[in-house]
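Contents: one structure, followed by commentary.
Quick note on labels: first sequence line is chain A, next is B, and so on, each numbered from 1. Note that these values count all heavy atoms, side chains included, but never hydrogens, waters or copies made by symmetry.
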Amino acid sequence: MADVYVSAKNIAPICALILCASIALADTVAVPPSLQAKLAGKLALFDRAFAGRAGDRAHVLIVIRPGEPASMRFADEFAGALKQVDAIGGLAHDEATAEYAGADSLAAAVKAQHPAIVYFSAGFTNEAHAIGAALTGLDVLTIAAEPDAVEKGIVAGFDLISNQPKIVVNLKQAERQGVQFTGALLKLAIITGG
Amino acid sequence: MRAILTSSLALLALGLWPTAALAQTAPPPPSASAAVDEASAEDLASVLNEQVVSGASRVTESIETAPVTASTIRADDMRKFGIRTLGEALRFLSVGVFTYDGSNAVDSVTGARGVGINGDTNRHFLFVIDGNVATSNLGTTTGWSFGLPLEMIDTIEVILGPGSVLYGGNAMLGVINIKTKSARHMSGVHVYAEYGVSPSATASGHFSSFGPSGDGTSPRGSASLGHVFTFFGQDAELTAQVEWAKNTFANAPIALQTPSPATISGVGAVPQFGGTLSNFVIDANTGGYARMKVGRLVIDGQLNQGTQPLVGSGAGYAFPDGSPSVSSEWTITNARLDALYSFDAGPRVSGFIRPYILADKYQSTRAGEMGSSGCPAGGTPGSRCAITNDFVVNHQGLEVQGTWDLAGDGAWQLLAGVDGRLQQTGNVNNVQDLASSKYFAPLGSFDAQGLSLGGYGQLRAQPWKWLGINAGVRADWYHNDATGLSSEAASNPVVTGPLPSMDGSAVSPRGGIVVSPTSTTTLHASVGRAFRPPSALERYTTTASVELAGDLKPETVTSFEAGIKQKFGAQRALLTGFVSQWYDMIGLGQGSALGKVQFQDTGNIQNYGVNAALEGSLGLQRLQYALSFTWGYARQTTPPPDLAGLPTALAATAQKEAPYAVNNIELQGAPALSGNARVSYDFQGFGPVAALATSVYGPTLTSFAYTNVLAIAQGSDIPVFGYNWRSNINPKYTDPMVELRLTLTGPIPQMPAVRYRLMGSYLFSSAFTPNAYGVNPGGTVPIVANVPGLAYTPQATGQLFPTTVATVMAGLEFTLDP
C-alpha cells in the first residue's frame with residue numbers, strides 16, 4: 001500500500017505535466033480518421049514483411065494518451081473507421097486500444113502481444129523519438145496520426161497537403177523495425193527522418 | 001526509483017492491456033503474400049487522389065461524402081498553371097464557377113451554375129479565409145485575390161449551393177473556402193517575382209501586336225516566411241507574406257461616343273467619350289497576411305490596400321474646357337484580425353471560440369461628371385463637379401462552436417454554434433461644383449449601427465458504411481438603426497436625422513443524404529436554403545436620383561441537387577443536376593417620380609442545370625488532368641411596371657412597353673455554358689512540369705441587353721429610369737470565349753533553390769467583358785428603337801469594356817530554408 005501511495009505521489013507531477021501538455025495539444029492531426037483508416041489498410045500491402053509479421057490476421061494496437069480528450073476522441077473515430085475497412089494488408093483484422101505509459105512499456109507490450117501495426121493517435125509527436133528508440137529492433141509497423149511524429153521516429157504517417165492525403169515514411173526507422181517498403185510505395189510517399 | 005519502477009509496471013499492466021476488442025471483421029480470402037505490383041500502387045494512388053473539404057460541413061470530410069458538389073484548387077495546381085489572381089484560379093481550376101474581369105478589380109464578377117449578379121461585388125458568394133468570413137457589405141473582389149497574397153494560399157475549396165446553414169448571410173451561390181499554408185509546408189523564406197506583358201488589341205478585340213509602348217504590364221512580387229518553433233513550451237508556428245501587384249491595361253481603342261442630348265438645359269454641353277485608352281491601371285494592390293499558431297490558439301491578420309489611381313488618358317470624359325480627361329480613382333482598404341481558440345470538454349466534446357474584427361473602407365473620387373445623376377443640375381454652367389465617397393464597414397463579432405461525438409466513434413456528430421456581430425456602416429458623399437465650391441444637396445450620407453445574431457446546428461451521421469446523413473438549420477436575425485447625414489446647398493452645414501430601422505430574419509435549413517452502394521460509387525442529394533440580408537448601402541443610400549428604399553426583404557435561394565460521384569481507379573467523375581429558385585432579388589427599380597430610381601425587390605430567378613467533371617491521374621500521378629462542364633439555365637422574372645403616379649402620356653408609353661418587360665429575362669454577365677480543362681505532366685527531374693489549361697465560356701448576355709432608360713421626358717431632357725421595364729428585344733451577347741494557356745515550371749538546373757514559371761495565354765475570341773463602357777451605357781439605341789410603337793430619344797452609345805487578349809509572363813521563386 002505504501003508503494004502504491006509513493007508511486008501515486010510520483011505519478012502526480014507526471015500527470016500534471018500531461019495535463020499541461022493537453023493544454024498545448026493543438027489540432028495537429030491533418031487527415032480525417034476515415035481516410036487514415038483506408039490508407040493504413042493499403043499501406044500495409046507495400047510492406048514485404050507484413051504478412052510474415054501478422055500471420056493470418058492483422059492485430060492493430062491503437063495507442064492513446066490517457067487524459068488527452070483529443071487523443072481519445074481521434075482513436076475512437078479511427079477505430080470506428082477501421083471497422084469499415086475490409087482488409088489490412090490483405091488480411092482480416094482486429095483492433096484494440098491501449099493507454100500509453102511510456103516508450104519502454106510500449107516496447108514490452110509489443111514484445112508480448114506481437115501486433116502487426118501500432119497506431120498512435122493524436123498527441124505523440126513529442127514522444128516519437130523515444131518510441132522510435134524503444135522499438136528499434138522489434139518487428140512492427142508503427143503509424144502516427146500526426147505527420148510531425150514520423151520525422152521523429154514513427155515509421156509512417158499521413159499528412160494533408162492542399163487537401164490531398166500524402167503518406168510520409170521514415171525510411172531509416174522502417175529499417176530499424178524490420179519494415180520493408182516496396183519501391184512502388186516510396187515513389188508515392190514523402191521520405192523524411194533520419 | 002523503486003517507486004517509479006513499480007508505477008511503471010502498474011501502468012504497463014493496467015494501461016497497455018487492451019481495453020476492448022473493437023472489431024472482428026469477416027476475413028477475406030488470404031492474400032497477404034500477394035506481390036505488390038503496379039496495380040496496387042495505382043489503387044493506392046486512387047486513395048491519394050481523394051480530396052477532403054472542410055467548408056461544406058465545417059468539419060474535415062472526404063469530398064466523396066460531402067452532401068454537396070465541391071471541388072478543390074490546390075496551390076500546386078495554381079503554380080503549375082501560372083495562376084495570377086483568385087479570379088483566374090476559379091476560372092481555370094474550379095467546377096461550376098465562372099469569373100469575368102472588369103474595368104477594375106472591383107468590377108470583377110464571380111458567378112456559378114449560370115447565375116451571376118452583375119455589379120454585386122461578389123456578395124452572393126461567401127468568401128472564407130482560414131475559417132473567418134471575409135465577405136462584407138463592401139463586397140469582395142477576385143481581381144487580386146482581395147488582398148490575400150496568392151502564394152500564401154494552400155487550398156481553395158469551392159462549395160456550390162446554399163451554405164447559409166453554417167455561415168449565415170451571403171452564401172447563396174456557395175462558399176469559397178480559402179485555406180492558407182501551414183508553416184510546415186512553406187518553411188523558410190520565399191521570394192517570388194513575376195512580370196507579365198499583354199499586347200494591344202484592335203478595335204474588334206483581337207490581337208494587334210506587341211510593341212515598345214502600349215503593352216499592358218502586370219508585375220507581381222511577394223515575400224513570405226514560414227517558421228516552426230517553441231513558444232513558452234508550446235508548439236508554435238508563424239506564416240506571413242507581403243505581396244505587391246499592379247495591372248496596367250494595354251492600349252485599347254474606344255470608339256467615339258456622341259451623347260444625346262448633346263446639351264442639357266441649364267447645365268451645358270455633355271462631354272464626348274472615346275479615344276485610345278492608355279496607361280489605364282486596372283488595379284494596384286499591396287497586402288499582407290500573417291498567421292500565428294501557439295498551442296490551441298491561432299491568430300491571423302490581414303491588411304490590404306487596392307487602388308485604381310488617377311492615371312491614364314483617352315477614354316475618359318473629354319471636357320469642353322480642355323482639361324485632362326479624368327474618370328475616377330478609388331482605394332479599398334481591408335483590415336481583418338481574427339483569433340481562434342480550440343478546446344476540449346471531455347473525450348467527446350470539442351469546440352472553439354472565435355472573436356473577429358473586420359474593417360473595410362472604400363474611398364472614391366470622381367471628377368468631371370456633368371449632367372449625370374451624380375452631379376445635379378444647378379451647378380455653374382460649364383463647370384465640373386467633384387464627387388467623393390467614403391464608405392466604411394466595420395464588424396466586431398464572436399462565434400462559439402461545439403461538436404459532440406454522440407456515439408464515441410465518430411458515426412454520429414452534432415455540431416452547434418452561435419455567432420453574434422456588431423456592425424457599423426457609414427457612407428459619406430460629397431458633390432461639389434468645382435467652379436463655385438458649392439456643395440449640392442441631398443448628399444444621401446448615412447451612419448448605420450447594426451446587430452446580427454445567428455444560431456445553428458448540424459447533425460452528421462454515418463450509421464452504416466453505405467449511408468451518410470447531414471441535416472442542419474440556422475436562424476439569423478438582424479437589426480440596424482441609422483441616421484441620415486446631409487448638407488444643405490447654401491451653407492453646407494451637416495444636418496442629421498433618423499432613418500427607418502431595418503429588421504429582418506431568415507431561417508436556413510439544409511438536408512443531405514449520401515449513399516455509397518459500392519466502394520467506388522457515391523450518390524448524393526441535398527436541399528438547402530440561403531439568404532442575403534439587404535446591405536445598409538441598399539437600404540439607406542439616397543442621391544439626386546436614388547430614393548431612400550422602403551422595407552427590403554432578404555434575398556433567399558432554395559436549391560435542390562442530386563448527383564453521382566464515380567471512381568475508376570485514380571479517375572473520378574462527377575455528374576450533378578440542380579434546381580434553384582431565387583426570391584426577392586434586390587436591385588435598382590422604378591422610383592416614385594421622373595428620373596428617380598430606388599433599391600427594391602426586382603423579381604425572382606429560376607435556375608436549373610448540370611455540372612459534370614472528370615479528373616484523375618495516370619503514371620503514378622505524373623500525368624494529371626481535369627475537365628469540367630456546366631450548363632445553367634437562369635431567367636429572372638421582374639414585377640410588372642407600376643404606372644401609378646406617372647403622367648398620363650408617360651404611363652401610356654410605359655404600358656406599351658410592358659408586354660416586353662414582364663417576362664423571363666436572361667441574366668447579364670452570366671454565361672449559360674462554361675467549363676475548363678487542364679492537363680499537366682511532370683517529367684520528374686528530366687524536364688519541367690508542362691501544363692496546358694483552357695477555360696471556355698459560351699455567349700454571355702451583356703449589360704447592353706436591356707434598356708434602363710424608358711424615355712427622355714419631354715421638355716426636361718431628364719431621363720426617366722425604368723429599371724423594371726426591360727425589353728428583351730435584340731439582346732447583345734459576347735462572343736464565345738476560349739482562353740488557352742501553357743505554363744512551364746521547374747527548378748533552374750544547378751540551382752534547386754530557384755524555380756522558374758513561364759506562362760503564355762491567348763484568348764481565341766474578341767476580347768470584351770460583358771460590361772458596357774461609355775457615357776451612359778445603360779441606355780442603348782437599338783433595343784429601344786425596336787420596340788414597336790415607341791419612339792425614344794437615344795441617350796448615348798457605348799461599347800463593351802475590353803479585356804486582355806494575350807499575356808506572356810515569366811516568374812522566379814527563390815527559397816531559403818536553412
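With respect to chain A, the highest number of heavy-atom pairs below 4.5 Å among B:Gly410, B:Ala345, B:Pro347 belongs to B:Pro347. For the set B:Ile73, B:Val298, B:Thr65, B:Asn49, the count of heavy-atom pairs under 4.5 angstrom toward chain A peaks at B:Asn49.
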Query - Trace of the side-chain contact (heavy atoms from CB on, under 4.5 Å) decision for B:Asp235 with A:Asp148 - result: CA-CA 11 Å; B:Asp235 290 337; A:Asp148 285 349; over 6 Å; no

Report task. Take B:Arg184 and A:Asp159 through the test side-chain contact (heavy atoms from CB on, under 4.5 Å) and record every step on the way to the result. Result -> CA-CA 10 Å; B:Arg184 284 192 301 117; A:Asp159 200 356; 2.9 Å; yes

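Side chains of A:Glu77 and B:Gln413 form a contact here, defined as non-hydrogen atoms less than 4.5 Å apart. Residues B:Val52 and A:Val31 fail the side-chain proximity criterion, which asks for heavy atoms closer than 4.5 Å. A:Arg73 is listed as a side-chain neighbour of B:Ser350, based on a closest heavy-atom distance under 4.5 Å.
Residues that satisfy the salt bridge (Lys or Arg N to Asp or Glu O under 4.0 Å) test with B:Asp76, not counting sequence neighbours, are B:Arg79, B:Lys80. Applying the salt bridge (Lys or Arg N to Asp or Glu O under 4.0 Å) test to B:Glu50 and every residue at least two apart in sequence or in another chain returns A:Lys38, B:Lys567.
Across B:Leu44 and A:Lys42, no two heavy atoms sit closer than the pair CD1-CB, 3.9 Å. Closest heavy-atom contact between B:His185 and A:Leu160: CE1-O, 3.3 Å. Heavy-atom minimum distance, A:Pro69 versus B:Gly346: CB-O, 3.2 Å. B:Leu48 approaches A:Pro165 most closely through the heavy-atom pair CD2-O, 3.4 Å. Considering every non-hydrogen atom in both B:Lys465 and A:Gln84, the closest pair reads NZ-O, 3.1 Å. In terms of heavy-atom proximity, B:Asp154 sits nearest to A:Ser162 at O-OG, 2.9 Å.
Between the CG atom of A:Leu35 and the OG1 atom of B:Thr60 there is a distance of 10.5 Å, given to the nearest 0.5 Å. Distance CG/B:Asp409 to CZ/A:Phe78: 13.5 Å, rounded to 0.5 Å.
When the options A:Leu43, A:Leu39, A:Leu188, A:Ile167 are evaluated for a side chain to side chain contact (heavy atoms under 4.5 Å, CB included) with B:Val47, the one that passes is A:Leu39.
Contacts of B:Asp405 with chain A are made by side-chain atoms alone, with heavy-atom separations under 4.5 Å and no backbone atom involved. B:Ala75 touches chain A through backbone and side chain together, each having a heavy atom under 4.5 Å away. Proximity to chain A (any heavy atom under 4.5 Å) is shown, for B:Lys181, by neither the backbone nor the side chain. With a 4.5 Å cut-off on non-hydrogen atoms, B:Glu157 touches chain A through its side chain but not through its backbone. Using a 4.5 Å cut-off between heavy atoms, B:Asp77 does not touch chain A at all. Residue B:Val228: no heavy atom, backbone or side chain, is found under 4.5 Å from chain A.
Side-chain contact annotation: A:Asn163 with B:Thr72, donor-acceptor N/O pair under 3.5 Å absent.
Taking the charged nitrogens against the carboxylate oxygens, B:Arg348 and A:Asp76 have no contact shorter than 4.0 Å, which rules out a salt bridge.
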